[in-house]
Structure formats: structure tokens, C-alpha cells
Amino acid sequence: MTAYYAPKTPAETLALLSAHAPDCALLAGGTDLVPKLKSGAAAPGTLVYIGSAGLDYIRQEESRLIVGAAATWTMLAEHPLVASCAAVLAAAARTPAASSPGVKNTATVGGNLATASPAADLATPLLALDADVRIHSVRGTRTVALGDFFTGPGKTVLLPDELICAVSIPLCGGISVFEKIGRRKAMSISVVNTAVRLVLEQGRCREARIALGSVAPVPLRCRGAEDMLIGKEPGRELFQACGAEALRACSPIDDAAATAWYRRTAGAALVARALGRAAGLPGTPEE
Ligand SMILES: Cc1cc2nc3c(=O)[nH]c(=O)nc-3n(C[C@H](O)[C@H](O)[C@H](O)COP(=O)(O)OP(=O)(O)OC[C@H]3O[C@@H](n4cnc5c(N)ncnc54)[C@H](O)[C@@H]3O)c2cc1C
């Protein structure tokens, strides 16, 4: 039989994790975990529900936006601080192609990252925003850059007794854009997704971020393509070349959702379109 706890504070949560790990699972929104519990794919001896542990906050701390791990997709989509400081994250959480209202009301940012799906829709905007993950255990606290957090499909640097407490996002400048292709326009896991961020100064790119999902074992940044943009004037040909370069650095696979060829072709076009939107190029199609 599985033991069930619903701690009221992060400290209680960490004590429970420490006492019961590794035969213990954290339960947040349950949208990933509950189907696994039902099918028997996961069968932990202890379940620790973190929805009432005080981790569902969004606040600004000096020059960073701090999103508690139990903040839901709906909170991300609707919170004014996310809209003003991390609009691309709100856009990803809002996209009608992602989940249903019911899922968005319960699914959390911590669960999305801990699941470590290559297609996780919140990972690419957080990569484009240079986010860090704040990880706590009874042994202490550590901060890991999101780019170093994922280690493979379904795998992260998290140890069995560790909890993602929050995601920390620097208040960085620039215009960011999220784009996603799914197999249909609603409730669809990404066939490919991208988030880009451009900082333009005197008509040239001073800073660039390009993140891609569902085209490699983990969501990743495409540094070669980013470097191509620095010091250059925005333009359609440049952005197309960047899209092609970004996908060259990826290793998409054939699966039930799409072929690797489709992911490469559509992904390159998606990056070019996202960059065009971020740079405000006339004639760039909207989402
Ligand atoms: C119908 C449907 C549609 C979906 N559509 C999308 C979509 O469009 N895009 C997308 O990216 N995902 C989608 N998902 C997947 C899922 O909803 C998201 O990944 C969601 O954010 C998971 O969060 P959760 O709170 O439900 O996680 P849970 O199911 O509660 O947990 C998932 C895993 O993360 C661990 N975990 C949770 N919180 C923490 C924490 N704070 N610290 C450490 N570990 C933790 C749990 O132990 C578990 O292993 C969909 C799922 C469903 C069922």
C-alpha cells in the first residue's frame, strides 16, 4: 500500500523526502504521474503531495522573477509579473495547442521540468530566458542552470531526496517569441517547439537565444545559430540560415508524432519565423 502525505511547508516536504527516498514520489498536478500510477509504470511506497506546501507563488526578488515549483500553467498564463517580466513563458503556457484548461489549472512548472520530456513546452522559453532551477534537500540548497538540468529523456540532475523549489529568471531584456507545432491545434504534445530571444541595439543583434524542443534527447540551446546573429542586422535570409544551423546541431528522431525529416524541416522554418517575429520583420506570419 502507498503512504500519502500532504505537507504544509517546503521544510516538511524535504523531511518527508529525506525519510522515504528513494521509494518516494512527489505529486504536484499529477498530470504526468497519475497516469503512470494507474498503469503501474510508477509504484512508489510513498507519495508526497506538494500542492499545499506553499510552493505556488510568483514574485519578484530584486532583479529576478521567482516562480514557485507548484505554480500552475494557468498562473503562468495569467500572472501580471510573468506577462511583464517573462512574456514568452506566459505565451507558452497560454498557447491553445498546449493542454486543456483542466490540465493547465493543475499542471505545474516544476512537474514539467522534472518530467524532462524532450518536448516539454515550458523548457524552451525558460532556456531562452537563461533560467536557473533552485533545488532543495535537507542537505542544503543548490542552483543549477536549466541548460545543465536535463541529462536525457526523462532524466535530470535531481537526486531522489531533492525537490525543485523554484525557477529563477533574470529580468533580461529583449523580445522573446514562442512557437510550437503539434499534430493538431489543441491538447497536443509538441512535434517541435522553439523559443527565441533577441536584444537589438542600433539595428543589430546584441544578444540572441535560440532554444528548441522535441528535436534532441533534451530541450537545448543552439549556440552556433545564436552566434551567427551577433552584430548582424536582422533579415529573412540570415534567420533562415540560423534556422538551418540550429537544426544541424540537433538529433531529431522518427516517432509516432513525426519523422526526423519533418522535425528538421519544420523546426528550421519555425526558428526562422520566431526570429522574424522577435525582430519585427514585416510580413512574418503570426502564430
Ligand atoms: C492531456 C494532457 C495534455 C498535455 N499537454 C502538454 C503540452 O501541451 N505540453 C507539455 O509540455 N506537457 C503537456 N502535458 C504533460 C504535463 O501536463 C506537463 O508536463 C505538466 O507540467 C506536468 O506537471 P504536473 O504538476 O502535473 O507533474 P506531476 O504529474 O505531478 O509530476 C511529474 C513528475 O515530476 C515530479 N515532480 C513534480 N514536481 C516536482 C518538484 N517540485 N520537484 C521535483 N520533482 C517534481 C513528480 O515526482 C513526477 O515524477 C500534458 C499532459 C496531459 C495529461
Side-chain angles (χ1 to χ4, degrees), residues 2 5-7 10 13-14 16-17 20-39 41-44 46-57 67-77 89 91-127 133-137 141-142 144 149-150 153-167 178 180-193 195 213-214 218-219 257:
T2 304
Y5 297 90
T13 310
L14 297 181
L16 284 164
L17 264 178
H20 298 285
D23 188 22
C24 175
L26 294 168
L27 175 67
T31 58
D32 270 314
L33 184 58
V34 169
K36 289 182 188 155
L37 295 174
K38 279 186 170 172
S39 71
T46 302
L47 263 184
V48 178
Y49 173 64
I50 58 168
S52 46
L55 295 167
D56 55 343
Y57 57 84
V67 178
T72 64
W73 287 53
T74 301
M75 288 172 68
L76 297 177
L89 184 59
R94 217 174 24 235
T95 172
S99 306
S100 62
V103 170
K104 286 179 179 179
N105 286 341
T106 48
T108 65
V109 61
N112 192 249
L113 298 181
T115 301
S117 161
D121 281 327
L122 302 182
T124 40
L126 288 169
L127 283 169
V133 185
R134 290 186 177 175
I135 298 171
H136 291 208
S137 73
T141 299
R142 61 188 178 126
V144 176
F149 179 74
F150 303 110
K155 295 195 178 122
T156 70
V157 298
L158 278 179
L159 298 172
D161 66 340
E162 286 185 321
L163 165 78
I164 301 174
C165 265
V167 179
F178 175 78
K180 160 175 178 166
I181 296 176
R183 293 210 20 155
R184 54 184 186 183
K185 287 199 181 295
M187 281 183 65
S188 184
I189 300 295
S190 285
V191 166
V192 52
N193 68 38
S214 214
V218 298

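Just so it is clear, the values below take in all heavy atoms, side chains as well, and ignore hydrogens, waters and symmetry mates. Whatever order the structure lists them in is the order used to number ligands and atoms, beginning at 1. All of these numbers come straight from a predicted model, not from anything done at the bench.
Heavy-atom distances between K36 and ligand 1 stay at or above 4.0 Å for every pair.
Looking at G30 next to ligand 1, an N or O pair under 3.5 Å apart turns up. On a distance-only criterion, A69 and ligand 1 share no N/O pair closer than 3.5 Å. Residue contacts with ligand 1: V34 is placed with no nitrogen or oxygen under 3.5 Å of a nitrogen or oxygen of the ligand (distance criterion only). Backbone and side-chain nitrogen or oxygen atoms of T31 are examined, and one is located within less than 3.5 angstrom of a nitrogen or oxygen of ligand 1.
At a threshold of 4.5 Å between non-hydrogen side-chain atoms, the residues L47 and L33 count as touching. Within the 4.5 Å cutoff, the side chain of L159 has no heavy atoms near those of the S137 side chain. In this structure the side chain of T141 never reaches within 4.5 angstrom of the side chain of I135, judged on heavy atoms. The shortest side-chain heavy-atom distance between V157 and R142 falls under the 4.5 Å cut-off. Contact check for L16 versus C24: no side-chain heavy atoms found under the 4.5 Å cut-off.
In this structure, the separation between CG on L163 and CZ on R134 is 13.0 Å, given to the nearest 0.5 Å. Taking CG of D32 as the start and CG of N112 as the end, the distance is 7.5 Å to the nearest 0.5 Å. Within the model, atoms CG of L27 and OG1 of T46 stand 12.5 Å from one another, a figure rounded to the nearest 0.5 Å.
With sequence neighbours excluded, no residue forms a side-chain contact (heavy atoms from CB on, under 4.5 Å) with A43. Contacts of H20 classified as ring pair (Phe, Tyr, Trp, His ring centres under 6.0 Å), with partners at least two apart in sequence or in another chain: Y5.
Applying the 4.0 Å criterion to heavy atoms of V103 picks out, from ligand 1, the atoms 1 (C), 2 (C), 17 (O). Counting atoms of ligand 1 from 1 in the listed order, those under 4.0 Å from a heavy atom of G29 are 24 (P), 25 (O), 26 (O), 30 (O). Heavy-atom proximity to A120, at under 4.0 Å, picks out these atoms of ligand 1: 11 (O). Which parts of ligand 1 touch N112 is read off a 4.0 Å heavy-atom cut-off, strictly below it: atoms 10 (C), 11 (O), 12 (N), 18 (C), 19 (O), 21 (O), 22 (C), 23 (O). Taking a cut-off of under 4.0 Å to the non-hydrogen atoms of L158, the atoms of ligand 1 that pass are 43 (C). Per-residue contacts place L163 under 4.0 angstrom from the following atoms of ligand 1 (heavy atoms of the residue considered): 41 (N), 42 (N). Atoms of ligand 1 lying under 4.0 Å from at least one heavy atom of D121, given by number and element, are 7 (C), 8 (O), 9 (N), 10 (C), 11 (O). Residue-ligand proximity, A28 to ligand 1, at heavy-atom distances under 4.0 Å covers atoms 25 (O), 30 (O), 37 (C), 38 (N).
Scanning I135, T108, L122 for the heavy atom closest to atom 25 (O) of ligand 1 points to T108. Comparing heavy-atom distances from atom 48 (C) of ligand 1 across L26, T124, D32 singles out L26 as nearest. For the residues A114, P219, S190, A123, the heavy atom positioned nearest atom 35 (C) of ligand 1 is part of A114.
At a cut-off of 3.5 Å, with distance as the only test, no side-chain donor of N105 or T72 sits close to an acceptor on the other residue.
Counting heavy atoms under 4.0 Å from ligand 1, residue K104 does not touch it at all.
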